[in-house]
Amino acid sequence: MAPGLRGGLRLSGEPNRTGRFAPSPTGTLHLGNLRTALLAWLYARAQGAPFLLRVEDLDAGRVRPHFETEQLGDLRAIGLDWDGEVVRQSERLDRYAAALAQLDAGGALYPCWCTRAEIREASSAPHGPLTEGHYPGTCRRLTAAQRADREASGRPPALRVDAGAARVAFADRLHGPQEGVVDDFVVRRNDGAFAYNLAVVVDDGAQAVGEVVRGDDLLDSTPRQLWLAQRLGLPAPSFAHVPLVLGGDGARLAKRHGAVTLGDRLELGETGDAVRARLAASVGLADPAERPSAADLVARFDPATFAPPPSGPLPGE
Ligand code: GLU
């Protein structure tokens, strides 16, 4: 087996609870990202399962290597650990290419020349139910002449899946039963980069991840990923989409909200242990005045009953 990849060694019939955290090294982790990492780690460790760290560094234009070093340091500083070597998506391009070839062989791909503006325009046209952000299928319906025109333009196409508006249902540990229509999402961008939805499914499959714990901003992407896993013959993991930490104004956490990173907090004289305790308290895993160790949190975390409050600011902000 390749270094850093683990197939769960499990007794048959036992569910696979291998977990992972998969940050993108495009910035400093904020307290919300750290809380998501803590929860992903707790789900795995409380079930005695492996926990993996995967660096999602496919977006070459936005990735900066020093963020990876900083992110891993911040995770260690709040007491998290992981099994095996860190896996980097940029080192696994052959696997994504193989998955695309498999989809293509099954007739599930088509090229798409649409610009963002064209998609926005088509999506707002009154032609049936279309969730915002869903691709309306324009390039799937091109005539041979239209397609030849676009090919002649020299503009490189993205690659989309032909999902046939499949409906996918799943149960989220925290959000309960979910159902979504799968649009023809992008699996390779027009700059040649493999798309997040493709890479995440290929890797969760290859790393035998059984339990995906991540921010609930990705709840809507899950039907796409389950559809793709099925197309690629990969098992479906279970999902827990955890609440986001928001700024005091209800917007996504950002620099302008003040001391939002571990580094900011350390500068204010807090410690990594204090930050972990605060994050735990914000989801009901500790009293505000308590300082539980990481091991204390593992001992008290119960995946079956964990019920965090909805997305919102950290108490006291
Ligand atoms: N790399 C993604 C992010 O940082 C995480 C995706 C996932 O956990 O599935 O948002």
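Remember, it's a predicted structure, so these values are computed and weren't measured experimentally. Just follow the structure's listing: the first ligand is 1, and inside any ligand the first atom is 1.
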Report the hydrophobic cluster partners of Leu142, with the cluster defined as I, L, V, M, F, W, Y residues connected by side-chain heavy atoms closer than 4.5 angstrom, directly or transitively.
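Taking Ile, Leu, Val, Met, Phe, Trp and Tyr as members, Leu142 shares its hydrophobic cluster with Trp113.
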So if I apply the side chain to side chain donor-acceptor pair (under 3.5 Å) rule between Tyr196 and each of Gln89, Arg189, Gln225, which one comes out positive?
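Per the side chain to side chain donor-acceptor pair (under 3.5 Å) rule, the option paired with Tyr196 is Gln225, out of Gln89, Arg189, Gln225.
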Compile the protein residues with any heavy atom at a distance under 4.0 Å from an atom of ligand 1; present them by chain, then by number.
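Arg20, Ala22, Ser24, Glu56, Tyr196, Val200, Arg214, Leu218.
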Spacing of Asp183 atom CG and Arg224 atom CZ [to the nearest 0.5 Å]:
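Spacing of CG (Asp183) from CZ (Arg224) equals 4.0 Å.
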Residues two or more places apart in sequence or in another chain: which of them pass ring-ring contact (aromatic ring centres under 6.0 Å, His included) with His30?
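By the ring-ring contact (aromatic ring centres under 6.0 Å, His included) rule, His30 matches no residue at all.
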Given Glu56 and Ser24, is the side chain to side chain donor-acceptor pair (under 3.5 Å) satisfied, shown in steps?
CA-CA 5 Å; Glu56 302 209 324; Ser24 304; 4.7 Å; no
By the side-chain hydrogen bond (donor to acceptor under 3.5 Å, both in side chains) test, which pairs, at least two apart or in different chains, include something from residues 227-237?
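Of all non-adjacent pairs touching residues 227-237, none passes side-chain hydrogen bond (donor to acceptor under 3.5 Å, both in side chains).
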